Peer 1: 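Before I ask anything, let me first share the structure, which is written out below as structure tokens.
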Amino acid sequence: RQRTRASSAYRVFDRSLHERALRRLHIEAELGAAIGARQLHLFYQPVVQLSSNRILSFEALARWRHPELGNVQPSEFLSVAEETGLIWPLGQWVLEEACQQLSTWQRQQPERPLCLNVNLSPHQFQQSDIIRQVQRAIRKSGCAAHGLNLEITEGAMLHASAAQTITALRELGLGVQVDDFGTGYSSLASLHRFNLTALKIDRSFVENLGSDPASQGIVQAILKLAEALKLDVIAEGIETPEQRRSLLDLNCQVGQGYLFSPAVSAVEATKLWQRCNSGDAANEGGAAPTQ
Ligand code: C2E
Ligand code: MG
Ligand code: MG
Ligand code: MG
């Protein structure tokens, strides 16, 4: 009996392992074609002013709707893309699609400045061609570069030419923000050498704001650091009104999270933005009905 149970448990484990391996092979085999076949989409999550819910920007987030596998998460396909080199065409597609959308939004309401945040993967950021790739996406779309923010990770900043790349990107007129700040290895002493525009406080610190004094201390320290370096701050992963309140109490003014909205399609994002900008966003609730 004992043995039967053990071996069937083993089989179950084995099967799920097998399924995962198959799924990964599937992803690996089809990601390249998916980029061309329009199975990938960009969704957009609002970045809001916490006091008014007014939408300041959207973060573009990649989504893959696979005909058989269903929705494949970025956490699943980005690692495959990085390992196979597909991150290069994928990254280029994301940049061009995002700039196109930004250009559309800028033309729709020229009097309302809106920004778009685009994630760069570490490999993409380290490619010698990255400046030209960004330049091309801007030129092709006709978007105004000052509306574009590129998000890089602390890990990407360890690369020898990172400071130079950031400066070259800034010279194109766009912003460079550090994503998931506080989880990587950037040294405080070297941060001022980089020509950055903002730090994005990682979700893990926001999550424990109310319950864990250490998280509150870390958020406070990041805000102080940003103030000293004259950088903007964006809090990620705000899910509750209490987290929003704590951030405002700490004088953190900008953030994003499910409390306001998850990432939505371009059509939905446009509606959110139009609703937020018609009349007084502070009274209407902007991106979210919740206070
Ligand atoms: P990220 O850049 O830090 O993006 C934020 C992630 O947190 C997104 O997950 C978003 O949907 C999720 N999120 C937003 N608000 C909340 C919240 O209140 N609670 C929780 N639990 N999660 C929230 P997503 O879309 O699955 O993306 C995961 C990561 O994949 C991103 O983290 C980013 O590093 C990467 N990624 C996504 N799209 C792209 C892309 O187009 N290019 C590159 N290079 N990386 C991307
Ligand atoms: Mg990001
Ligand atoms: Mg992040
Ligand atoms: Mg993240």
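We count ligands from 1, going down the list as the structure has it; atoms in each ligand are counted the same way. Quick caveat, the model's predicted, so the values are computed rather than measured.
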Peer 1: Are any of the side-chain heavy atoms of Glu19 and Arg23 separated by less than 4.5 Å?
Peer 2: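 Heavy-atom side-chain distance check fails, nothing below 4.5 Å.
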
Peer 1: What part of Gln256, side chain, backbone, both or neither, has a heavy atom within less than 4.0 angstrom of ligand 1?
Peer 2: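 It is neither part, as no heavy atom is under 4.0 Å.
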
Peer 1: Going by the atom numbers of ligand 1, which of them fall below 4.0 Å from some non-hydrogen atom of Gln45?
Peer 2: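 Within the 4.0 Å cut-off of Gln45, ligand 1 contributes 14 (C), 15 (N).
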
Peer 1: Quick one: which ligand 1 atoms are inside 4.0 Å of a heavy atom on Ser121?
Peer 2: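 Close to Ser121: 44 (N).
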
Peer 1: Look at atom 30 (O) of ligand 1 and find which of Leu61, Leu78, Thr240 reaches it with the closest heavy atom.
Peer 2: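 That would be Leu78.
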
Peer 1: Report, in ascending order of atom number, the atoms of ligand 1 lying under 4.0 Å from any heavy atom of Arg203.
Peer 2: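 The atoms of ligand 1 under 4.0 Å from a heavy atom of Arg203 are 19 (N), 20 (C), 21 (N), 22 (N).
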
Peer 1: At the Mg ion (ligand 2), what's the angle from Asn119 OD1 to Glu151 OE1, rounded to 10 degrees?
Peer 2: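 Approximately 90° at the metal, rounded to tens of degrees.
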
Peer 1: List ligand 1 atoms under 4.0 Å from Glu239, heavy atoms only on the residue side.
Peer 2: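 Matching atoms, with element in brackets: 17 (C), 18 (O), 19 (N), 20 (C), 21 (N).
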
Peer 1: Is it true that Lys200 lies under 4.0 Å from ligand 1, counting heavy atoms only?
Peer 2: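 Heavy atoms of Lys200 never come under 4.0 Å of ligand 1.
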
Peer 1: Will you find, in the side chains of Glu59 and Asn119, an N or O donor that is under 3.5 Å from an N or O acceptor?
Peer 2: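 Side-chain D/A pair, Glu59 to Asn119: present.
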
Peer 1: Out of Tyr258, Phe43, Phe260, Trp93, who is nearest to atom 13 (N) of ligand 1 when you count heavy atoms only?
Peer 2: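 When every heavy atom of Tyr258, Phe43, Phe260, Trp93 is considered, Tyr258 comes closest to atom 13 (N) of ligand 1.
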
Peer 1: Is it true that, when you exclude Gln135 itself, more than 12 heavy atoms of the residues, nucleotides or ligands shown sit nearer than 6.0 Å to its CD?
Peer 2: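 It does: Gln135 CD has more than 12 such atoms within range.
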
Peer 1: Quick one: CG on Leu78 to CD on Glu83, what's the gap to the nearest 0.5 Å?
Peer 2: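 So the CG of Leu78 and the CD of Glu83 are separated by 11.0 Å.
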
Peer 1: What do you reckon, is CZ of Arg24 surrounded by more than 12 foreign heavy atoms closer than 6.0 Å?
Peer 2: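 Enclosed: over 12 neighbouring heavy atoms sit under 6.0 Å from CZ of Arg24.
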
Peer 1: When you look for heavy atoms under 4.0 Å from ligand 1, do you find them on the side chain of Leu259, its backbone, both, or neither?
Peer 2: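 Near ligand 1, Leu259 shows nothing, with every heavy atom at 4.0 Å or more.
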
Peer 1: By atom name, which N, O or S atom belonging to Glu59 lies closest to the Mg ion (ligand 2)?
Peer 2: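 When I compare the N, O and S atoms of Glu59, OE2 is nearest to the Mg ion (ligand 2).
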
Peer 1: Side chain or backbone of Ile238 under 4.0 Å from ligand 1, or both, or neither, by non-hydrogen atoms?
Peer 2: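 Only the backbone of Ile238 comes within reach of ligand 1.
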
Peer 1: Which option out of Arg63, Glu236, Glu97, Gln177 puts a heavy atom nearest to atom 11 (O) of ligand 1?
Peer 2: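 That would be Arg63.
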
Peer 1: Should Leu209 and Glu242 count as side-chain neighbours, where that means a heavy-atom distance under 4.5 Å?
Peer 2: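 No, too far: nothing below the 4.5 Å cut-off.
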
Peer 1: As a test of reading the structure, name the N/O/S atom of Asp179 that is nearest the Mg ion (ligand 3).
Peer 2: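 Nearest N/O/S atom of Asp179: OD1.
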
Peer 1: Out of Val118, Val206, Val94, who is nearest to atom 41 (O) of ligand 1 when you count heavy atoms only?
Peer 2: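 Result: the heavy atom closest to atom 41 (O) of ligand 1 is in Val94.
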
Peer 1: Could you see which bit of Leu120 sits under 4.0 Å from ligand 1, with heavy atoms only: side chain, backbone, both or neither?
Peer 2: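 Contact part for Leu120 vs ligand 1: backbone (N, CA, C, O).
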
Peer 1: Given atoms OD1 of Asp180 and OE1 of Glu236, what angle do they subtend at the Mg ion (ligand 3), to the nearest 10 degrees?
Peer 2: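 Once rounded, the angle between the two atoms at the Mg ion (ligand 3) is 140°.
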
Peer 1: For ligand 1, which is the ligand I care about here, please tell me if Ile87 has any N or O atom under 3.5 Å from one of the ligand's N or O atoms.
Peer 2: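 No - when backbone and side-chain N and O of Ile87 are compared with those of ligand 1, no distance drops under 3.5 Å.
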
Peer 1: Would you tell me whether Ser52 and Gln49 have side-chain atoms, one donor and one acceptor, within less than 3.5 Å of each other?
Peer 2: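 The answer is yes; a qualifying pair exists.
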
Peer 1: Have a look at ligand 1 and work out which part of Pro74, if any, has a heavy atom under 4.0 Å from it: side chain, backbone, both or neither.
Peer 2: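 Side chain only; the backbone of Pro74 stays clear of ligand 1.
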
Peer 1: Report yes or no: do Asp202 and Thr183 form a side-chain donor-acceptor pair below 3.5 Å?
Peer 2: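 Asp202 vs Thr183: no donor-acceptor pair found between side chains.
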
Peer 1: Check whether the side chains of Glu30 and His66 place a donor and an acceptor atom closer than 3.5 Å, and report yes or no.
Peer 2: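 Result is yes, a qualifying pair exists.
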
Peer 1: Just by distance, with hydrogens left out, do Gln100 and Lys140 show a side-chain donor and acceptor under 3.5 Å apart?
Peer 2: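 Distance-only check fails for Gln100 and Lys140.
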
Peer 1: Under a 4.0 Å N-O cut-off, is there an ion pair linking Lys224 with Glu227?
Peer 2: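 Result for this pair is no, no salt bridge flagged.
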
Peer 1: Do Trp273 and Tyr44 have ring centroids that are under 6.0 Å from one another?
Peer 2: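 For Tyr44 and Trp273, the ring centres are not under 6.0 Å apart.
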
Peer 1: So, does Gly237 sit close enough to ligand 1 that a heavy atom of it is under 4.0 Å from the ligand?
Peer 2: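 Distance cut 4.0 Å: Gly237 passes for ligand 1.
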
